[in-house]
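Notes follow once the structure below has been shown.
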Amino acid sequence: MRALIALATTIGLALTLLTAVAPPAAAADLLSQGKPATSSSTENASTPASAAVDGDTRTRWSSTFGDRQWLRVDLGANATISQVVLRWEAAYARAFQIQTSDDGTAWTTIHSTTTGTGGVQTLDVDGSGRYVRIHGTQRGTAYGYSLWEFQVYGSGTGTPPGNGIPDPTTASLEAANGPLTTATYTVPNPNGYGSGTVTYPTSRGSYPGVVLMPGYQGTQQNLRWLAPRLASWGFVVINVGTNTLTDDPASRGRQITAAGTQLLALGNTAGTPVSGKLNGTLGAVGHSMGGGGVMAALRDDPRFRAGVPTAPYYPNMNFSAVTDPTFFLTCQSDAVAHGNTYAVPWYTSMSQAEKLYIEVPGDHLCPMTDYGDKTKQGKWIVSFLSLWLRADTRFSPFLCGPVRDADKNDTSLVTRWMDTCPL
């Protein structure tokens with residue numbers, strides 16, 4: 001069976017041989033998505049305030065054609081605000097302020113500019129409040145103001161990033177499952193991808209979402225080992241089956257985006273098992289062509305803030321524009337997608353990203369279910385995503401420093417290790 005899978009993978013890859021800038025990976029929760037939004041005006045009924053916080057970059061808010069306009073989101077409780085991302089349509093603000101308020105009446109300005117450029121603006125800020133608004137004072141065009149997305153990142157006041165997860169240890173991270181009890185849910189009507197099984201923590205709380213994407217001729221079985229492991233450490237995981245078994249990396253990237261969109265929608269839908277469990281932050285893990293799809297999602301979709309491409313494959317592609325934290329896991333004896341061919345050049349070109357590269361013994365199938373050392377692979381992937389999707393620095397020692405050195409220096413376990421420590 002293993003030989004048949006390897007042969008099918010090799011044949012398929014041979015047949016297939018034929019930039020929006022993401023926000024910096026500030027490890028913080030997306031607080032604004034799906035929250036109540038209001039505005040000083042709307043251009044028409046099809047561009048309401050709510051469209052700027054729905055997580056869908058195809059919908060937008062737009063104002064009437066006047067300079068002094070605002071858009072406000074109610075986070076539901078006081079929060080610490082660390083970053084605001086503005087995804088402008090063509091009608092942008094040349095002069096605007098980002099403001100916070102505890103009561104929606106008295107406002108504090110935490111960012112101000114008179115030289116706005118439109119496009120995607122990522123603003124590192126320092127403030128707090130229940131309400132956050134963008135207050136436009138001068139338009140950049142003859143139209144009003146229009147935002148595809150208004151994203152507010154930060155953390156709830158007094159809420160630790162660990163979300164009740166106990167301190168990790170080497171033993172607990174190398175176990176098959178983490179500290180949280182999990183359950184599964186089959187997506188009834190997949191939209192934009194073939195099938196989906198969601199594995200989620202049953203405990204109260206909201207967590208980052210993670211999309212798992214298989215490789216050529218692969219199914220949900222490929223990464224089935226990883227779904228409960230991640231969910232039991234505080235992630236809501238959707239394990240995806242593709243539209244067809246032969247979908248190319250570009251298609252798999254689009255399907256990762258579609259699965260992420262539907263996962264967030266399920267989290268915002270009353271009555272689903274994951275209602276209220278998604279905090280709006282997304283990550284992705286993929287194998288082979290699915291790993292190439294992860295890179296495409298990181299490049300093209302700013303909602304994805306960290307990724308783990310395993311034995312990634314995507315010919316003739318430049319991913320130097322990726323700025324999100326990326327963990328490349330490759331296989332030393334990979335005849336299909338050796339790290340030197342794809343992952344290493346991508347790693348080297350990504351000058352603005354936090355990066356981790358680990359090569360382990362094995363062939364192209366080493367990251368798949370029933371192959372490779374899952375105690376170590378699981379520990380590294382859980383630690384990387386916990387650090388970058390949940391801002392949980394308790395996991396850093398397992399990737400940087402003396403604690404990880406037992407893994408890094410074991411040549412029977414790791415054949416190459418590169419990183420940008422301290423992460």
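A donor-acceptor contact shorter than 3.5 Å links the side chain of Thr348 to the backbone of Val344. The closest donor-acceptor contact from the side chain of Thr42 to the backbone of Pro48 lies at 3.5 Å or more, if one exists at all. Put simply, the side chain of Asp247 gets close to the backbone of Thr244: a donor and an acceptor are under 3.5 Å apart. Remark: side-chain polar atoms of Lys376 are not paired, donor with acceptor, to backbone N or O of Leu413 under 3.5 angstrom. Counting only distance, with no hydrogens or angles, the side chain of Asp74 and the backbone of Pro36 share no donor-acceptor pair below 3.5 Å. His338 contributes a side-chain N or O that, together with a main-chain N or O of Gln332, makes up a donor-acceptor pair within less than 3.5 Å. Looking at Asp301, its side chain never comes within 3.5 Å of a backbone N or O of Ala297 through a donor-acceptor pair. The backbone N or O of Gly215 lies less than 3.5 Å from a partner atom in the side chain of Arg252, making a donor-acceptor pair. The main-chain N or O of Ser349 is never found under 3.5 Å from a side-chain atom of Ser320 such that the two would form a donor-acceptor pair.
Looking at every heavy atom in both residues, His364 comes nearest to Pro367 through O-CD, 3.6 Å. Contact between Gly372 and Gln377 at its shortest, heavy atoms only, is CA-NE2, 3.8 Å. For Leu223 against Met213, the heavy-atom pair with the smallest separation is CD1-O, 3.6 Å. When all heavy atoms are compared, the tightest approach of Phe150 to Ile98 is CE1-CD1, 4.5 Å. The heavy-atom pair separating Gly209 from Leu389 by the smallest distance is O-CD1, 4.4 Å. For Gln83 against Val85, the heavy-atom pair with the smallest separation is OE1-CG2, 3.9 Å.
When side chains are defined from C-beta on, Tyr347 does not count as touching Leu356, because their heavy atoms never get closer than 4.5 Å. Contact check for Leu30 versus Arg305: no side-chain heavy atoms found under the 4.5 Å cut-off. Here the side chains of Asp363 and Val336 are not in contact, with every heavy-atom distance at 4.5 Å or above. Side-chain contact check for Met317 versus Met295: every heavy-atom pair is 4.5 Å or farther apart.
Among residues two or more places apart in sequence or in another chain, the salt bridge (Lys or Arg N to Asp or Glu O under 4.0 Å) test is passed with Asp419 by Arg404. With sequence neighbours left out, Lys277 forms a salt bridge (Lys or Arg N to Asp or Glu O under 4.0 Å) with no residue at all. Not counting sequence neighbours, Thr269 has no partner by the side-chain hydrogen bond (donor to acceptor under 3.5 Å, both in side chains) test. Take Ala259 and apply the side chain to side chain contact (heavy atoms under 4.5 Å, CB included) test, not counting sequence neighbours, and it matches Tyr193, Val211, Ile238, Val240. Scored by the side-chain hydrogen bond (donor to acceptor under 3.5 Å, both in side chains) test, Asn189 finds no partners at all (sequence neighbours excluded). With sequence neighbours excluded, no residue satisfies side chain to side chain contact (heavy atoms under 4.5 Å, CB included) with Thr411. Here Thr330 pairs with Tyr357 under the side-chain hydrogen bond (donor to acceptor under 3.5 Å, both in side chains) rule; sequence neighbours left out. Among residues two or more places apart in sequence or in another chain, the salt bridge (Lys or Arg N to Asp or Glu O under 4.0 Å) test is passed with Glu89 by Arg60. In this structure Arg72 satisfies the salt bridge (Lys or Arg N to Asp or Glu O under 4.0 Å) test with no other residue, sequence neighbours excluded. Take Ser251 and apply the side-chain hydrogen bond (donor to acceptor under 3.5 Å, both in side chains) test, not counting sequence neighbours, and it matches Gln255.
Annotation: disulfide (SG to SG under 2.5 Å) contacts involving residues 348-402, sequence neighbours excluded, comprise Cys331-Cys366, Cys400-Cys421. Among residues at least two apart or in separate chains, side chain to side chain donor-acceptor pair (under 3.5 Å) pairs with a member in residues 224-235 are Gln221-Arg224.
Once rounded to the nearest 0.5 Å, the distance linking CZ of Phe398 with CG of Leu423 reads 14.0 Å. Here Ile256 contributes atom CD1 and Thr261 contributes atom OG1; the two are 12.0 Å apart, rounded to the nearest 0.5 Å. Atom CD of residue Gln262 and atom CG of residue Asn191 lie 5.5 Å apart, to the nearest 0.5 angstrom. Note: Ser333 OG to Leu365 CG = 11.5 Å, rounded to the nearest 0.5 Å. With rounding to the nearest 0.5 angstrom, the OG1 atom of Thr113 is 10.5 Å from the CD atom of Gln138. Separating the CG atom in Leu263 from the OG1 atom in Thr272 is a distance of 9.5 Å, to the nearest 0.5 Å.
Checked for salt-bridge contact, Arg87 and Glu149 miss the test: no charged N lies under 4.0 Å from a carboxylate O.
With hydrogens and angles left out, the side-chain atoms of Gln220 and Thr197 include a donor and acceptor closer than 3.5 Å. Asn340 and Arg416 form a side-chain donor-acceptor contact under 3.5 Å, judged by distance and modelled atom types alone.
Of the options Trp346, Tyr342, Phe319, a ring pair (Phe, Tyr, Trp, His ring centres under 6.0 Å) to Tyr314 is made by Phe319 and by none of the others.
Classification of the Tyr143-Phe65 ring pair by plane angle, with boundaries at 30° and 60°, yields perpendicular.
Around the CG atom of Asp410, the shell of radius 6.0 Å holds more than 12 heavy atoms that belong to other residues, nucleotides or ligands.
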